[in-house]
Amino acid sequence: MTAVTSADVVVTGPAIGSSARKEGGDTLLTGRGRFVDDYTLPGMRYAAVVRSEVPHARILRVDVREAEQSPGVALVLTGESAAAHAGPIPHFIDPAARGGRYTDVRCLAVGKVVYAGQPVAAVVADTRRQAEAAAELVRVEYEPLPHVLDGDDALAADAPLLYEEWPDNVVLHNHYGTGDVDAALESADLVISDTIRIARSTTAPIEPRGYLASWDRLDETLTVYGSLQNPHQLRWMVANSLGLDETAIHVITARVGGSFGLKMQGHPEETLVCLLSKLTGAPVKWIEDRREAFMAGAREQVHRFTVGAMRDGRIVGIRDQIVANTGAVSAQAGWAMPNMSATTLASGYTVPNVQAELHVVVTNKPPLNAARGFGKDSAHFVMERVVDLVARGLGLDPAEVRRTNFIPAGQFPYRTATGLNIDSGDFPGLLDKALAALDYDALRKRQADLRTEGRHLGVGLAFELTPESADGPGSFVSGFDVTTVRMTMTGKVTVYTGVTTPGGGNDTGIAQIVSDELGVPMSWITVVQGDTERCPGGFGNFSGRGMVTGGGSAALAARDVRAKIATVGARMLAVPVDEVEVAHGYVRAVGDGRTVPIPEVAAAVVTRAFAIANEVEPVLEATRAYKPGNIDHVPDERGRIQPYPTYSSCLHAAVVEVDAETGQTKLLDFVMVHDCGTIINPALVEGQAYGAIVMGIGAGLTERLVHDAQGRLASDRFKSYLLPRAGDLPTIRLEHQVTPSPFTMYGNKGAGEAGVGGAQAAVANAIEDALAPFGVTVREVPLPPPAVLALIDEARTK
Amino acid sequence: MNRVRLKVNGQEHEIEVESCTLLVHAIREDVGLTGTHVGCLTGDCGACTVLVDGASVKSCSVFAVSADGAEITTIEGLAGDEGLHPVQQAFWDEFAFQCGYCLPGMLLTTCELLDRDQDPDDAAIDQAINGNLCRCTGYASIRSAVRRAATRMAAGDPDALPESQRSESPSAEPPPSA
Ligand code: FES
Ligand code: FES
């Protein structure tokens with residue numbers, strides 16, 4: 001009946017834990033990867049967006065006559081006319097649901113503009129150039145209003161109001177932490193107060209955003225292609241603002257050329273492009289240009305802190321007043337990032353008394369957009385500066401002050417003063433490995449020797465705790481996800497998952513998991529992501545959730561399918577089901593080693609459903625959701641909630657040499673010891689970590705978005721916004737430590753976010769250390785040469 | 001409109017372009033090869049890199065008309081019938097890309113480098129790829145890939161020669177006309 005053989009089964013090791021090569025790599029390497037701008041549809045037209053040139057003004061008149069006469073133009077849409085067809089864009093995270101303030105966000109401004117760059121009108125034309133040319137001809141008449149660009153200024157009683165229905169410019173005001181900070185400071189041997197500023201930087205993926213929408217007049221359905229992170233959420237958002245049924249919208253995620261949070265949904269152009277297609281009856285494509293991409297801010301905060309420590313280096317209390325400048329309100333999730341800056345404070349240190357007060361304020365700058373780190377990065381910068389300042393104030397070694405304050409390895413799960421329940425870790429272990437990798441004592445000696453020659457070597461350490469796989473009740477930030485595993489009757493497997501990839505490679509990781517759980521080779525597996533008609537509902541990518549939730553749900557679904565294969569395979573081998581193994585494409589009788597190939601078993605399930613597969617439901621398919629543990633939204637006795645299942649951690653060490661004459665910083669060495677729990681694919685984890693570290697180095701040294709006094713972006717190209725290039729970087733060294741999480745499927749914790757905050761802090765700490773002979777104090781990032789020279793000057797004049 | 005003749009990956013194309021059409025747009029939209037990417041249009045990111053008569057060029061920084069008569073190699077022209085080009089292979093083996101958006105620039109720049117320097121040191125590698133931005137990898141794996149490609153090609157792997165040095169490039173065969 002079947003070809004039961006005992007032929008040698010080619011056995012390879014488990015896929016999980018191997019550096020399996022990237023899925024679909026050949027497609028990208030040969031230029032066949034389809035990014036959003038690579039899609040064309042018959043009759044496709046192009047959109048260009050007319051943007052406000054002023055930071056704050058009433059719109060008196062939008063004159064579209066000349067633009068309408070321009071060659072190739074099909075439609076010129078103003079805010080007023082858009083509002084007749086489209087409602088507000090739903091928020092990815094509604095501030096009101098977090099105790100903050102709501103305001104309508106529309107695809108085109110109605111009545112007034114609140115930042116330079118805000119979309120006020122749109123043009124659809126036959127070609128991209130025609131659309132851009134016509135956009136230049138739209139005349140907007142403004143009545144200027146006073147504007148405010150600085151976060152502190154926006155809090156002043158007489159500050160211009162962005163949203164007139166609000167009493168002030170505060171989106172969210174909140175208090176965090178527990179303990180008696182006053183008493184702690186009172187008892188401390190050392191008390192330091194200072195101010196730290198984190199300038200606005202941005203994510204800058206090399207592929208900007210883009211969308212292609214196609215309205216079908218006959219079917220009344222909408223198909224949207226995009227460079228996206230959250231396709232199902234986009235479908236819901238567009239359905240809401242355009243008043244369509246969700247089932248009439250099909251969202252297809254193109255290959256994404258990097259994202260880092262930028263391509264989370266809620267951007268005005270998403271709704272806009274869909275509306276333009278609906279109004280013109282033609283497919284409409286809009287691709288962001290680099291200038292536009294630079295409008296998206298990633299972070300901008302001021303921290304005014306006071307810290308108290310005992311003589312032995314123990315930090316006993318921290319107070320931090322945070323003002324986060326979120327720019328204008330967007331429906332994207334960026335405004336919520338500073339919440340995590342406050343919540344992550346005190347990081348992996350046992351500081352019993354922490355009080356943070358956060359004002360997230362709006363200004364007439366473009367909105368912040370979600371960014372890798374999601375606010376946690378700023379907490380790390382502040383905390384790691386604080387630890388170094390304490391060490392300096394007490395004359396202790398910064399490595400030892402970290403060790404003194406770390407949560408001890410045996411004390412997990414550990415509830416922090418702000419309520420985070422850290423699942424696991426070994427922070428002193430990370431430090432030991434980093435110091436060994438640096439040869440720390442020898443390095444300190446070399447530093448002392450170089451100082452005698454007038455050279456300025458600096459060593460900067462930074463610890464980073466990365467809460468991952470967040471869940472936010474009532475928002476699109478969800479801690480679970482869904483995967484379908486489907487096997488055909490030839491044994492081929494397709495995995496449809498709700499998590500998406502921004503390019504990092506979680507599809508490969510998910511295939512590895514399904515390979516092991518289902519017992520088929522990687523080459524039999526295809527992973528489908530980002531398609532709302534094919535994939536089960538899910539939440540896409542953010543918060544390092546891809547492998548925790550996508551991997552977990554894929555494992556559960558694969559196990560369900562495997563169980564049927566095992567049952568029928570065992571019958572074909574005429575042994576009890578508990579005496580077979582399913583692996584590497586075969587069902588194998590453990591006793592005598594006879595095997596039956598999985599494709600034959602799969603065929604039997606379907607074609608012999610009433611014979612050998614009797615009483616087995618003949619569907620080789622399962623859809624499962626995975627909810628990790630540890631998430632707890634019931635406030636504890638101190639009102640703290642716990643929105644993360646798991647916490648990755650890492651320790652960074654930067655070695656720099658600073659030229660005190662030119663202010664130039666040369667990065668000589670960089671070590672990161674990383675703990676993301678169980679590693680599904682080391683090469684993919686490392687790739688993500690390198691990318692995040694370099695992004696943090698950029699934010700620490702050179703990356704700064706600059707606006708002129710009128711709120712217009714001055715740093716609008718890669719010549720004025722400086723990303724690190726290959727020649728700026730040493731060989732970054734990465735080491736792993738594995739402390740599995742007890743709350744996720746494999747003990748994996750999430751990778752991809754860790755790196756930004758720690759690297760930013762490590763280079764800043766290293767620069768201060770290098771310039772210790774001058775007595776400088778680093779109070780801001782980034783630190784390009786002029787900022788370094790200013791630090792030296794400031795210290796000299798003291 | 002201007003008539004422009006381009007030999008792209010061995011195949012002749014005659015296209016009509018405006019005088020201000022950038023080479024990158026001509027390649028993507030008129031020739032129809034979308035493997036060459038646009039990241040900035042200001043000559044800073046390198047995602048649009050192609051080889052024009054063997055030299056790496058940022059195709060957003062030249063007009064299509066100025067490339068009239070040129071031989072152009074794009075990312076689509078690297079692999080042959082026998083499989084990936086050794087530089088592509090090395091990039092895959094070393095995980096030297098994530099999203100792959102920077103790949104056209106990284107691959108073609110590497111091909112050009114190895115064409116003139118079979119044993120580049122780290123400084124030469126950095127210098128070559130310094131004009132190409134990658135936001136995903138942090139460049140470490142890209143450097144390793146360039147080194148691996150150089151080693152494999154130096155070891156005399158017959159397939160491992162840069163395209164310009166192969167006796168006959170399979171991709172240079174014109175396809176049967178439709
Ligand atoms: S698109 Fe040509 S250099 Fe960026
Ligand atoms: S791999 Fe994404 S930009 Fe290089």
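By convention in this document, chain letters (A, B, ...) are assigned in the order of the sequence lines, proteins followed by strands, and residues within each chain are numbered from 1.
In this structure, the side chain of Lys22(A) does not engage the main chain of Phe95(B) through any donor-acceptor pair within 3.5 Å. Checking side-chain atoms of Arg255(A) against main-chain N and O of Gly100(B) turns up no donor-acceptor pair under 3.5 Å. Using a distance-only test at 3.5 Å, with no hydrogens or angles considered, a donor-acceptor pair links the side chain of Gln98(B) to the main chain of Gly687(A).
For chain B, the nearby part of Pro208(A) is the side chain; its heavy atoms alone come within less than 4.5 Å. For Glu686(A), no part lies near chain B; criterion is any non-hydrogen pair under 4.5 Å. Residue Arg32(A): no heavy atom, backbone or side chain, is found under 4.5 Å from chain B. For chain A, no part of Glu94(B) is nearby; none of its heavy atoms comes within less than 4.5 Å. For Thr27(A), no part lies near chain B; criterion is any non-hydrogen pair under 4.5 Å. Contact of Gln127(B) with chain A is not made at all, since no heavy-atom distance falls under 4.5 Å. Of the two parts of Val38(B), only the backbone, made up of N, CA, C and O, holds a non-hydrogen atom closer than 4.5 Å to a non-hydrogen atom of chain A.
Taking non-hydrogen atoms and a 4.5 Å limit, the residue list of residues 132-142 of chain B in contact with chain A, ordered by number, reads Asn132(B), Leu133(B), Cys134(B), Arg135(B), Cys136(B), Thr137(B), Gly138(B), Tyr139(B), Ala140(B).
Using a 4.5 Å heavy-atom cutoff, the side chains of Thr42(B) and Lys719(A) are in contact. Taking 4.5 Å as the limit, some side-chain heavy atom of Cys20(B) sits within range of a side-chain heavy atom of Arg129(A). With contacts defined as side-chain heavy-atom distances shorter than 4.5 Å, the pair Leu103(B)/Leu29(A) qualifies. Between Thr34(B) and Asp37(A), every side-chain heavy-atom pair lies at or beyond the 4.5 Å cut-off. Contact of the Asp26(A) side chain with the Gln88(B) side chain is not registered, since no non-hydrogen atoms from C-beta on lie closer than 4.5 Å. Side-chain atoms of Thr30(A) and Leu84(B), non-hydrogen and from C-beta on, do get closer than 4.5 Å to each other.
The CG atom of Asp728(A) sits 6.5 Å away from the CG atom of Asn130(B) when rounded to the nearest 0.5 Å.
Interface remark: of the candidates Gln89(B), Glu18(B), His25(B), Arg143(B), Arg143(B) forms the most heavy-atom pairs closer than 4.5 Å to chain A. Among Ala204(A), Gly33(A), Gly504(A), the residue making the largest number of heavy-atom pairs under 4.5 Å with chain B is Ala204(A). Each of Cys102(B), Pro104(B), Cys40(B) has some count of heavy-atom pairs under 4.5 Å with chain A, and the biggest count is that of Cys40(B). Of all the listed residues (Gly39(B), Gly32(B), Gly43(B)), the one sharing the greatest number of non-hydrogen pairs under 4.5 Å with chain A is Gly39(B).
Between Arg717(A) and Asp44(B), none of the side-chain N atoms (NZ, or NE/NH1/NH2) sits under 4.0 Å from a carboxylate O, so this pair counts as no salt bridge. A salt bridge between Asp38(A) and Arg28(B) is present, with a side-chain N of the basic residue lying under 4.0 Å from a carboxylate O of the acidic one.
Across every non-hydrogen atom of Cys99(B) and Pro502(A), the tightest pair is CB-O, 3.9 Å. The two atoms that bring Phe718(A) and Cys45(B) nearest to each other are CE1-CB, 4.0 Å, heavy atoms only. The two residues Ala47(B) and Ile206(A) make their nearest non-hydrogen contact at CB-CG2, 4.3 Å.
Atom CZ of Arg291(A) sits in a sparse spot, with 12 or fewer heavy atoms from other residues, nucleotides or ligands closer than 6.0 Å. For Glu136(A), the CD atom sits in a loose shell: 12 or fewer heavy atoms of surrounding residues, nucleotides or ligands are nearer than 6.0 Å.
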For a side-chain contact (heavy atoms from CB on, under 4.5 Å) check, start with the C-alpha distance between Arg21(A) and Asp93(B), then their side-chain angles and the critical distance, and finish with the verdict.
CA-CA 7 Å; Arg21(A) 203 157 63 158; Asp93(B) 292 342; 2.7 Å; yes

